[in-house]
Every structure is written in structure tokens, then in C-alpha cells.
S.K.: 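I am attaching a structure below and will ask some questions about it afterwards.
Source: prediction; values computed, not measured. All residue numbers in this chain count up from 1 along the given sequence.
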Amino acid sequence: MGYNHAKAEKEFYKEWRKKLRLYKAAGMSMTQILAVYKYDKAVFRSDRRFYEHCEQICYEETNPLFAEEMVVNLDTYDMTNWTKAMPSELRTQLEKLSEEKLKAFYLYKVYGYTQKEISSILLKSQQTISRWIVQVSEIVDNFKENG
């Protein structure tokens with residue numbers, strides 16, 4: 001799975017709360033603790049830049065597609081060609097949308113990412129991701145109702 005900055009940051013601060021208690025109990029001054037914190041934060045940011053910009057996103061999970069009647073083997077249909085498993089009328093409508101919108105919807109429905117996680121993966125605002133997911137969902141829902 002791809003790098004999740006929000007999760008990594010949450011873990012960093014959780015770990016630092018533990019370290020802070022240990023350092024205080026060991027008798028370190030706040031100046032010393034702050035120096036260690038600044039160093040650890042710089043290392044975290046450096047790692048973050050590496051993972052966000054250099055690591056390839058790898059999806060290993062295999063989950064069914066968004067509807068019970070459209071179960072897809074994700075070894076064959078991955079994020080780049082998942083629409084090929086859909087009826088041609090729906091696929092035609094979805095192909096009019098940008099690839100990023102389809103990726104956002106796919107990550108949300110298939111892999112269960114939150115909008116915040118998707119926004120960090122696609123480097124778009126959470127509001128934009130939400131709008132995209134709703135837009136694709138409306139197309140799919142309208143197709144289900146009319147089909």
C-alpha cells in the first residue's frame with residue numbers, strides 16, 4: 001500500500017509523547033528534549049519527502065469491486081483498467097471522466113481509503129476528492145437505476 005502521511009504523522013506524535021515522558025523521567029531539560037525533538041522531526045520530514053515522491057504505490061489487496069454483481073479479480077483488473085469489467089454503456093460514461101477522478105473513486109470504493117488518505121495520494125484537496133467521488137457515484141447509481 002502507498003505511503004500514508006497522515007498515519008505516519010499520527011504515529012510520530014504518538015511515539016514522541018512516549019519519548020517525552022521518558023526523557024522527563026530521566027531528568028533531561030526541556031532544552032535538551034527540544035533539540036532531540038527537532039532532530040527527530042527533521043528526520044521524519046526527510047523520510048516523508050522520500051516516501052511521498054519516490055516510492056511506487058503498490059496495491060496488494062484483492063477486494064471485490066463496488067457492487068455485488070460486479071465481482072472482479074483484481075489480479076486481472078487493477079486501478080488502471082477496472083472499468084473494462086463494466087457494461088459498455090457505463091464504461092462509455094466513465095471514460096469521459098479524468099483518470100484522477102476514476103482513481104479517487106476506485107481507491108475509495110475498492111480499497112476503502114478515506115478521502116483524506118486519497119487526497120494525500122493524489123495530491124488534491126479533500127474537498128476535490130469528495131466532489132469527484134460523488135460525481136462518479138452518481139453516474140454509477142444512475143446506471144444501476146436505469147439499467
Side-chain angles (χ1 to χ4, degrees), residues 1-24 30 33-147:
M1 198 169 297
Y3 176 72
N4 182 341
H5 175 69
K7 182 179 175 183
E9 191 171 44
K10 184 178 178 180
E11 289 173 6
F12 173 81
Y13 288 120
K14 182 179 176 180
E15 194 64 35
W16 247 96
R17 282 190 291 275
K18 291 178 186 175
K19 286 182 179 182
L20 180 63
R21 279 180 271 168
L22 289 172
Y23 292 158
K24 282 183 179 180
M30 282 309 288
I33 295 172
L34 186 58
V36 174
Y37 170 79
K38 284 182 180 181
Y39 174 77
D40 283 355
K41 186 69 172 180
V43 170
F44 171 77
R45 287 181 177 161
S46 176
D47 289 348
R48 180 200 68 200
R49 282 190 299 274
F50 172 78
Y51 286 115
E52 285 181 349
H53 299 292
C54 297
E55 184 177 279
Q56 291 291 331
I57 297 174
C58 176
Y59 300 99
E60 299 171 358
E61 298 176 8
T62 54
N63 295 325
L65 200 53
F66 57 90
E68 298 82 26
E69 62 271 9
M70 294 184 187
V71 176
V72 175
N73 180 355
L74 293 179
D75 294 333
T76 306
Y77 298 98
D78 62 3
M79 190 163 54
T80 57
N81 64 4
W82 62 275
T83 57
K84 292 178 183 173
M86 298 183 181
S88 60
E89 301 86 16
L90 178 58
R91 187 173 56 243
T92 303
Q93 291 177 352
L94 292 176
E95 286 174 350
K96 295 176 185 175
L97 300 174
S98 72
E99 188 177 323
E100 280 189 314
K101 289 180 183 180
L102 295 175
K103 279 184 182 179
F105 180 78
Y106 186 85
L107 291 171
Y108 183 75
K109 289 292 186 179
V110 176
Y111 288 107
Y113 282 104
T114 65
Q115 293 176 10
K116 189 173 184 177
E117 292 169 336
I118 297 169
S119 71
S120 68
I121 292 169
L122 298 179
L123 303 176
K124 300 290 182 184
S125 72
Q126 185 174 347
Q127 184 178 13
T128 300
I129 298 299
S130 175
R131 205 171 337 120
W132 289 353
I133 291 170
V134 167
Q135 185 179 8
V136 177
S137 295
E138 287 173 349
I139 292 171
V140 172
D141 290 343
N142 288 337
F143 178 80
K144 285 182 181 178
E145 290 173 7
N146 298 331

S.K.: With side chain to side chain contact (heavy atoms under 4.5 Å, CB included) as the criterion, how do Val140 and Phe105 come out once you've worked through the C-alpha distance, each side chain's angles and the decisive distance to 0.1 Å?
M.R.: CA-CA 11 Å; Val140 172; Phe105 180 78; 4.3 Å; yes
S.K.: Taking all non-hydrogen atoms of both residues, which atom of Ile118 and which atom of Ala104 are closest, and how far apart?
M.R.: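 What the structure gives for the nearest pair is CD1-O, 3.5 Å.
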S.K.: With side chain to side chain contact (heavy atoms under 4.5 Å, CB included) as the test, would you mind laying out the steps for Lys41 and Tyr13 before giving the verdict?
M.R.: CA-CA 10 Å; Lys41 186 69 172 180; Tyr13 288 120; 2.5 Å; yes
S.K.: Of the non-hydrogen atoms in Tyr108 and Tyr113, which two are nearest, and what is the gap between them?
M.R.: CD1-O, 3.4 Å
S.K.: Checking Arg91 against Glu95 for the side chain to side chain contact (heavy atoms under 4.5 Å, CB included) test, could you report, in this order, the C-alpha distance in whole Å, the side-chain angles of both residues, the deciding distance, and whether it holds?
M.R.: CA-CA 6 Å; Arg91 187 173 56 243; Glu95 286 174 350; 3.4 Å; yes
S.K.: How long is the span from the CG atom in Leu107 to the CD1 atom in Ile133, to the nearest 0.5 Å?
M.R.: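 Going from CG on Leu107 over to CD1 on Ile133, the span is 8.5 Å.
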S.K.: Could you go through Thr128 and Trp132, starting from their C-alpha distance and side-chain angles, then the distance that decides it, and tell me whether this counts as side chain to side chain contact (heavy atoms under 4.5 Å, CB included)?
M.R.: CA-CA 6 Å; Thr128 300; Trp132 289 353; 3.4 Å; yes
S.K.: Please find the pair of heavy atoms, one from Trp16 and one from Asp40, that lie closest to each other, and give the distance.
M.R.: NE1-OD2, 3.1 Å
S.K.: Check Gln115 against Ser130 and note the closest heavy-atom contact, atom names and distance.
M.R.: OE1-CB, 3.2 Å
S.K.: So, Ser119 side chain and Lys116 main chain: donor-acceptor pair closer than 3.5 Å or not?
M.R.: yes
S.K.: Once you round to the nearest 0.5 Å, how far does OH of Tyr106 lie from NZ of Lys103?
M.R.: 11.5 Å
S.K.: Taking all non-hydrogen atoms of both residues into account, name the closest pair between Leu97 and Gln135 and its distance.
M.R.: CD2-NE2, 3.6 Å
S.K.: Do Glu15 and Lys19 meet the salt-bridge criterion of a basic N to acidic O distance under 4.0 Å?
M.R.: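 Glu15 and Lys19: not salt-bridged.
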S.K.: Would you indicate whether Lys7, at its atom NZ, is surrounded by more than 12 heavy atoms from other residues, nucleotides or ligands within a distance under 6.0 Å?
M.R.: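 Open.
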S.K.: Measure the spacing between CG of Leu20 and CD1 of Ile33 and express it to the nearest 0.5 Å.
M.R.: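 Reported to 0.5 Å precision, the distance equals 5.5 Å.
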S.K.: Please name the pair of heavy atoms, one in Leu122 and one in Ile129, separated by the smallest distance, quoted to 0.1 Å.
M.R.: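 Heavy-atom minimum between the residues: CD1-CD1, 4.0 Å.
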S.K.: Roughly how far, to the nearest 0.5 Å, is the CD atom of Gln126 from the CD atom of Glu117?
M.R.: 10.0 Å
